Amino acid sequence: QVQLVESGGGLVEAGGSLRLACRSSKNTFNVNTIGWYRQAPGKQRELVAISRRDGSITYADSVKGRHTISRDNAKNSVYLQMNDLKPEDTAVYYCYLLNGRTVSWGQGTQVTVSS
């Protein structure tokens with residue numbers, strides 16, 4: 001079973017930055033998909049950014065140009081650099097990993113952006 005542990009969430013003012021990190025118990029090299037989802041109170045969990053085995057990356061339109069997903073396979077980690085944060089980014093952010101046909105989720109880390 002893959003374990004995912006997120007860190008880096010917190011409280012930040014609008015326009016600020018945070019860097020989320022997710023460390024996986026499984027090597028991140030060649031997993032089908034790894035990345036980030038988020039869920040705001042009362043809203044559906046939504047994709048933020050994912051990185052696929054073929055190297056392709058998908059960002060939500062709402063974060064394009066502001067956030068960057070990256071990997072450090074030597075550390076079995078994936079990161080989300082979040083710049084120019086907006087109050088609308090406030091949510092619990094979840095690390096996501098698809099290995100074969102099995103989905104794993106992290107416990108979530110709270111990001112709160114004040115206006």
Side-chain angles (χ1 to χ4, degrees):
Q1 200 108 15
V2 178
Q3 295 176 233
L4 304 171
V5 180
E6 302 106 326
S7 61
L11 175 64
V12 65
E13 294 184 1
S17 297
L18 289 171
R19 185 172 182 257
L20 305 184
C22 171
R23 189 176 184 91
S24 171
S25 64
K26 174 181 169 53
N27 66 290
T28 55
F29 182 74
N30 272 350
V31 299
N32 296 70
T33 307
I34 190 166
W36 298 90
Y37 284 69
R38 69 186 182 188
Q39 188 166 24
K43 302 201 72 177
Q44 187 177 18
R45 188 173 298 186
E46 64 178 355
L47 182 150
V48 179
I50 55 171
S51 174
R52 302 182 185 87
R53 180 180 287 171
D54 66 3
S56 65
I57 295 171
T58 298
Y59 292 101
D61 288 343
S62 60
V63 307
K64 284 180 180 176
R66 299 189 296 121
H67 298 355
T68 304
I69 188 171
S70 62
R71 290 198 230 187
D72 186 342
N73 290 323
K75 296 181 179 180
N76 295 332
S77 296
V78 63
Y79 306 92
L80 185 68
Q81 179 65 46
M82 309 169 69
N83 296 328
D84 191 24
L85 283 161
K86 303 176 180 179
E88 308 90 83
D89 295 318
T90 295
V92 177
Y93 285 70
Y94 296 92
C95 187
Y96 163 90
L97 185 146
L98 174 63
N99 181 40
R101 306 182 82 79
T102 301
V103 172
S104 298
W105 294 99
Q107 84 286 351
T109 186
Q110 177 71 47
V111 171
T112 302
V113 184
S114 62
S115 60

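None of these values were measured; they are calculated from a predicted model.
For Arg53, the salt bridge (Lys or Arg N to Asp or Glu O under 4.0 Å) criterion is met by no residue, not counting sequence neighbours. With sequence neighbours left out, the side-chain hydrogen bond (donor to acceptor under 3.5 Å, both in side chains) criterion links Ser115 to no other residue. When the salt bridge (Lys or Arg N to Asp or Glu O under 4.0 Å) test is applied to Glu88, no partner is found at least two apart in sequence or on another chain. Residues passing the side-chain hydrogen bond (donor to acceptor under 3.5 Å, both in side chains) test with Gln3, sequence neighbours excluded: none. With sequence neighbours left out, the salt bridge (Lys or Arg N to Asp or Glu O under 4.0 Å) criterion links Lys64 to Asp61.
Criterion: ILVMFWY side-chain heavy atoms under 4.5 Å apart, direct or through other members. Under it, Ile34 and Tyr37 are not part of a common hydrophobic cluster. Note on Tyr94 and Tyr59: separate hydrophobic clusters, where clusters join Ile, Leu, Val, Met, Phe, Trp and Tyr whose side-chain heavy atoms are under 4.5 Å apart, directly or indirectly. There is no path of hydrophobic side-chain contacts, each under 4.5 Å, that joins Tyr79 to Val48. With hydrophobic clusters built from ILVMFWY side chains whose heavy atoms lie under 4.5 angstrom apart, Leu18 shares a cluster with Tyr93. Transitive grouping of hydrophobic side chains (ILVMFWY, heavy atoms separated by less than 4.5 Å) keeps Val63 and Ile50 in distinct clusters.
Smallest separation of non-hydrogen atoms from Val12 and Gly16: CG2-CA, 3.8 Å. What you find for Gly35 and Ile69 is that their closest heavy atoms are CA-CD1, 3.7 Å. When all heavy atoms of Val113 and Asp89 are compared, the pair lying nearest together is CG2-CB, 4.3 Å. Heavy atoms only, all atoms of each residue included: Gly9 and Val111 are closest at CA-CG2, 4.2 Å.
When atom types are taken as modelled, the side chain of Ser51 and the backbone of Ile57 share no donor-acceptor pair closer than 3.5 angstrom. Looking only at distances, a side-chain donor or acceptor of Arg23 sits under 3.5 Å from a matching main-chain atom of Lys75.
Residue Arg19 holds its CZ atom at 13.0 Å from CE of Met82, rounded to the nearest 0.5 Å. Interatomic distance, OG of Ser17 versus CZ of Arg66, reported as 10.0 Å (0.5 Å rounding). Residue Arg38 holds its CZ atom at 13.0 Å from CZ of Arg45, rounded to the nearest 0.5 Å. Here the straight-line distance linking atom OG of Ser77 with atom CG of Leu20 works out to 12.5 Å at 0.5 Å rounding. Taking CG of Asn76 as the start and OG1 of Thr28 as the end, the distance is 5.0 Å to the nearest 0.5 Å. Asn83 CG to Thr68 OG1: the interatomic distance, rounded to the nearest 0.5 Å, is 6.5 Å.
Between Asn27 and Asn73, the closest side-chain pair of non-hydrogen atoms is not below 4.5 Å. Side-chain contact check for Leu4 versus Lys26: every heavy-atom pair is 4.5 Å or farther apart.
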Hey, can you pull the donor-acceptor pairs under 3.5 Å for the side chains in residues 95-107, sequence neighbours left out?
{"from": "Gln107", "atom 1": "NE2", "to": "Glu6", "atom 2": "O", "distance (Å)": "3.3"}
{"from": "Gln107", "atom 1": "NE2", "to": "Glu6", "atom 2": "OE1", "distance (Å)": "3.2"}

